Amino acid sequence: MGNPFASEVALVLEGERRVLKLTLGALAELEAAMGEDTLVALVGRFEGGSFSSRDVMRLIVAGLRGGGWQGRAEDLLHAEIEGGPMAAARAAALLLARAFMLPEGERHAL
């Protein structure tokens, strides 16, 4: 499932286990791809359950890139994701949550 302490999520893509992670660079790329939309709006859509397949795809691509993947979003259009769209949506939501979750001991440090 990926290392939650490193904000990682695992997803099986084309039969290969991939690690997804939203690094600062991946987040910046995600923001650029979103245009005028914001990360706050994206988080809100996931929290409210009103996210789109485009939201899921953007998060999966950003997470893959943060995990070292060199592909393009177009490469995923026909890719086989183990567990299908629901697994992709769960991975995207978990990835987003882990990217902004504080470790247990650091919640009061802010």
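Keep in mind it's a predicted model, so treat the numbers as computed, not measured.
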Ignoring hydrogens and angles, write down the donor-acceptor pairs under 3.5 Å from the side chains of residues 79-97, residues two or more places apart or on other chains.
none

Residues 19-28 side chain polar contacts: donor-acceptor under 3.5 Å, at least two apart:
from, atom 1, to, atom 2, distance (Å)
K21, NZ, A6, O, 3.3
T23, OG1, A26, N, 3.1

Atom pairs and distances, donor-acceptor, side-chain atoms in residues 68-76, under 3.5 Å, two or more places apart:
from, atom 1, to, atom 2, distance (Å)
Q70, NE2, G68, O, 3.3
R72, NH2, D75, OD1, 3.3
D75, OD2, R72, N, 2.8

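Put simply, CD1 on I60 and CG on L13 are 9.0 Å apart, with the number rounded to the nearest 0.5 Å. With rounding to the nearest 0.5 angstrom, the CZ atom of R58 is 10.0 Å from the OG atom of S53.
Pairs engaging residues 6-40 under the ring pair (Phe, Tyr, Trp, His ring centres under 6.0 Å) rule: none recorded [sequence neighbours left out]. Evaluation of the salt bridge (Lys or Arg N to Asp or Glu O under 4.0 Å) test over residues 46-57, restricted to residues two or more places apart or in two chains, returns R45-D55.
You'll find the side chain of M34 reaches within 4.5 Å of the side chain of L39, heavy atoms only. Under the 4.5 Å side-chain criterion, counting only non-hydrogen atoms from C-beta, L59 is not in contact with F51. Contact check for V61 versus M57: side-chain heavy atoms found under the 4.5 Å cut-off.
Listed by chain and residue number, E16 satisfy the salt bridge (Lys or Arg N to Asp or Glu O under 4.0 Å) test with R18 (two or more places apart in sequence, or in another chain).
The two residues R98 and S7 have their closest heavy-atom pair at O-OG, 3.0 Å.
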